Amino acid sequence: MSVRLGLADTVAAISTAPGGGAIGIVRLSGTRALDIASGLFVGQRAPSAVPGGRFLFGRFTDGAGGTIDEGLVLVFRGPHSYTGEDVAELQCHGSPAVLNRLLARVLELGARAANPGEFTLRAYLNGRLDLAQAEAVLGLVNARSETARRQATLGLQGALGERVGEIGQRLTRALVAIQALLDYPEEGVPEEDREIPLARAQGDLEDLVATARAGQLASRGARLALIGRPNAGKSSLLNALLGYERSIVTPQAGTTRDYLEAQLELAGVPITLVDTAGLRETEDLIEAAGVRRAEELAQGADLVLVLEDGSSARELLPITTPPERCLWLQTKSDLPPCWHDEAYLPVSAVTGQGLGELREAVRAHLLGNAAGAEVWLTSERQADAALRALEHVRSARVLPDDLASYELELALRALAEISGRDVSEDILDGIFANFCVGK
Ligand SMILES: Nc1nc2c(c(=O)[nH]1)N(C=O)[C@@H](CNc1ccc(C(=O)N[C@@H](CCC(=O)O)C(=O)O)cc1)CN2
Ligand SMILES: Nc1nc2c(ncn2[C@@H]2O[C@H](COP(=O)(O)OP(=O)(O)OP(=O)(O)O)[C@@H](O)[C@H]2O)c(=O)[nH]1
Ligand SMILES: [Mg+2]
């Protein structure tokens, strides 16, 4: 898709989910939206003849005078619509058969099939949303957890844009002060005009950048791998966290051979829990393949739960995952412990002891300081821009005035990309390509 397509034509798409539903919507946006709707709708009044904000009941007809379905037309007149253009929503019964026929009919009447995200792109190009808000719409459509939803709703309401705007104001204040100093070096500028806003902007940016990992985990979800020796209690812990018997548990070492995934929500983050084969040297070809897989899965996980049986003698585990991505668990804490290690959290899959602490530790690990922050950076694009802004601010604080002023201009430009008024087409294409058709 390219944004170069422009806004001249009228676009149409099925905006409700693929598959069946009680009600489905074909949405039209553009200068001819109401004319096209009037071309197939038969009711008391034509969509093109009523003011915005009305709904009409009637029949949707095919070219030969037959009826496709009965339903409603919602009429929006630009700029008072989602896209800022004239919009007609054809609300019909929700089968693919009805929706496809209705879409085919509006295309016959001159609409063009919308590209993925094109309604939201039009809303952006018409100044109805900024880029951070457009990304928030994407976040809402794809929200897989309560945390993801909450952050996206905040983003749609412009909270991220506001936060970034405040930081921008501090930087601008410092920039003006530095430029005054460059022009009139003998005058000097007070601390509160230069050093204080800069230091605060840096602190704010550091806090904001620190939310990026949480924001991305909340939207894409996190992978947690359970790793340990055979019989350490990996499958039992997976079942205990899930609350149902997903994985086979037996007293025999080497029960789990292939890996197995299960979904749950933990701390507001969608989690894929991965049960793996116990790590050991083995002659069994299948088990050996499982062990290799377990090692790979540990490498690819956002967090590795390292399990060691607390009720039997310790045996060194060959873990290559960096320690900052690991949480250590001493399992079977309902049995008399054979060893003590401060770094390990005692848990029991049998009594549930320690599971609350485990959830809390996972939450702290995945969300870090972001848990306390109001708004998060939710896309990689936003995180990248904020990080670049932060680096320019750090440079500005250690460089001589003329270079500092240049760094601050770059910082402001990077910040402006987050809400994005004049970003490149490549960036726009990259964002809107992730949308679905009809959004
Ligand atoms: N049926 C339907 N439901 C939907 C949408 C939609 O497009 N259609 N939306 C699509 O994402 C979301 C709602 N977003 C919308 C945002 C603004 C306007 C709109 O028409 N705004 C005008 C009029 C406001 C008013 O009447 O008070 C405006 O702001 O001027 C419509 C939907 C979620 N639900
Ligand atoms: N008392 C007690 N026994 C447990 C606990 N967790 C697991 N067990 C027992 O330990 C044995 C092994 O448990 P699994 O969950 O199958 O261990 P695993 O790590 O998945 O083992 P493999 O799949 O062979 O790698 C079973 O007999 C479980 O009943 C626990 O918290 N307390
Ligand atoms: Mg197992």
Side-chain angles (χ1 to χ4, degrees), residues 13 15-16 23-29 33 51-55 72-91 117-124 126-129 133-134 136-141 152-153 156-157 226-241 245-260 273-280 282 284 287 290-291 293-294 305-312 317 329-337 346-355 358 435-436 438-439:
S15 283
T16 40
I23 290 166
I25 299 177
V26 171
R27 186 158 53 165
L28 284 152
S29 181
R54 297 291 168 85
F55 71 86
L72 298 175
V73 180
L74 265 53
V75 177
F76 301 82
R77 288 192 180 267
H80 301 295
S81 71
Y82 178 65
T83 59
E85 304 170 336
D86 284 356
V87 169
E89 283 190 13
L90 314 182
Q91 306 205 349
E118 190 167 0
F119 291 95
T120 306
L121 172 63
R122 286 177 173 228
Y124 166 75
N126 289 319
R128 306 280 303 167
L129 299 173
Q133 287 173 314
V137 168
L138 181 64
L140 277 171
V141 171
T153 303
L156 184 59
Q157 290 168 340
L226 295 145
I227 299 287
R229 292 276 177 213
N231 264 356
K234 301 177 293 300
S235 302
S236 303
L237 185 65
L238 176 118
N239 292 342
L241 287 170
E245 301 300 305
R246 171 72 178 84
S247 195
I248 299 174
V249 170
T250 76
Q252 192 178 311
T255 300
T256 307
R257 303 215 287 187
D258 204 350
Y259 74 98
L260 169 160
L273 266 185
V274 191
D275 188 13
T276 64
L279 302 180
R280 69 169 168 186
T282 170
D284 183 320
E287 192 183 348
V291 169
R293 256 197 193 168
L305 304 185
V306 181
L307 281 73
E308 282 189 57
D309 188 338
S311 68
S312 63
L317 250 181
L329 306 178
Q330 180 171 23
T331 59
K332 311 189 190 179
S333 65
D334 52 296
L335 300 176
V347 294
S348 167
V350 170
T351 63
Q353 194 207 344
L355 294 190
L358 171 57
F435 277 66
C436 50
K439 191 58 233 181

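The residues of the chain are indexed from 1 along the displayed sequence. Numbering of ligands and ligand atoms starts at 1, following listing order. All values derive from a computational prediction rather than experimental measurement.
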Return the closest protein heavy atom for [atom] as residue, atom name and distance.
atom	value
atom 27 (O) of ligand 2	Pro251 CA, 3.4 Å
atom 29 (O) of ligand 2	Val249 CG1, 3.9 Å
atom 25 (O) of ligand 2	Lys234 NZ, 2.8 Å
atom 31 (O) of ligand 2	Ala349 N, 2.8 Å
atom 17 (O) of ligand 2	Gly233 N, 3.2 Å

Original post:
If you measure from each non-hydrogen atom of Asn231 to ligand 2, which part falls under 4.0 Å: side chain, backbone, both or neither?
Top reply: both

Original post:
Name the residues in contact with ligand 1, where contact means a heavy atom under 4.0 Å away: which are they?
Top reply: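 Ligand 1 pocket, heavy atoms under 4.0 Å: Ile25, Arg27, Phe76, His80, Ser81, Tyr82, Glu89, Gln91, Arg128, Lys439.
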
Original post:
Is there a side chain to side chain contact (heavy atoms under 4.5 Å, CB included) between Ile23 and Thr16 once you walk through the steps?
Top reply: CA-CA 8 Å; Ile23 290 166; Thr16 40; over 6 Å; no

Original post:
Is a salt bridge present between Lys234 and Asp275, judged by a nitrogen-to-oxygen distance below 4.0 Å?
Top reply: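 No salt bridge links Lys234 with Asp275.
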
Original post:
Has Thr276 got an N/O/S atom less than 2.8 Å from the Mg ion (ligand 3)?
Top reply: no

Subject >> Whether Ser235 has an N, O or S atom under 2.8 Å from the Mg ion (ligand 3) >> reply: yes

**OP:** Check whether any side-chain N or O of Arg128 sits under 3.5 Å from a backbone N or O of Ser81 as a donor-acceptor pair, and report yes or no.
**Re:** yes

For residues [X] and [Y], determine if any side-chain heavy atom of one lies less than 4.5 Å from a side-chain heavy atom of the other.
X	Y	result
Val350	Lys332	no
Arg229	Leu317	yes
Thr276	Thr256	no
Val249	Thr255	no
Val87	Leu74	no
Gln353	Asp334	no

Original post:
Just wondering, are more than 12 heavy atoms of other shown residues or ligands nearer than 6.0 Å to CZ in Arg293?
Top reply: no

**OP:** Kindly write out the residues that satisfy salt bridge (Lys or Arg N to Asp or Glu O under 4.0 Å) with Arg246, not counting sequence neighbours, or none if the list is empty.
**Re:** none

From [atom], work out which of [options] has a heavy atom at the shortest distance.
atom	options	result
atom 13 (O) of ligand 2	Ser236, Ala232, Ala277	Ser236
atom 8 (N) of ligand 2	Lys332, Gln252, Glu287	Lys332
atom 23 (O) of ligand 2	Thr256, Asp334, Thr250, Thr331	Thr256
atom 24 (O) of ligand 2	Gly254, Gly278, Ser311	Gly254

Original post:
Under 3.5 Å between some N or O of ligand 2 and some N or O of Leu335?
Top reply: no

Subject >> Nitrogen or oxygen atoms of Ala253 and ligand 2 under 3.5 Å apart >> reply: no

**OP:** Apply the side-chain hydrogen bond (donor to acceptor under 3.5 Å, both in side chains) test between Ser15 and each candidate in Arg27, Lys439, Glu89; give the one that qualifies.
**Re:**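 Output: one option passes, namely Arg27.
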
Subject >> From Leu273, Leu237, Leu260, residue fulfilling side-chain contact (heavy atoms from CB on, under 4.5 Å) relative to Ser247 >> reply: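 The residue from Leu273, Leu237, Leu260 that satisfies side-chain contact (heavy atoms from CB on, under 4.5 Å) with Ser247 turns out to be Leu260.
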
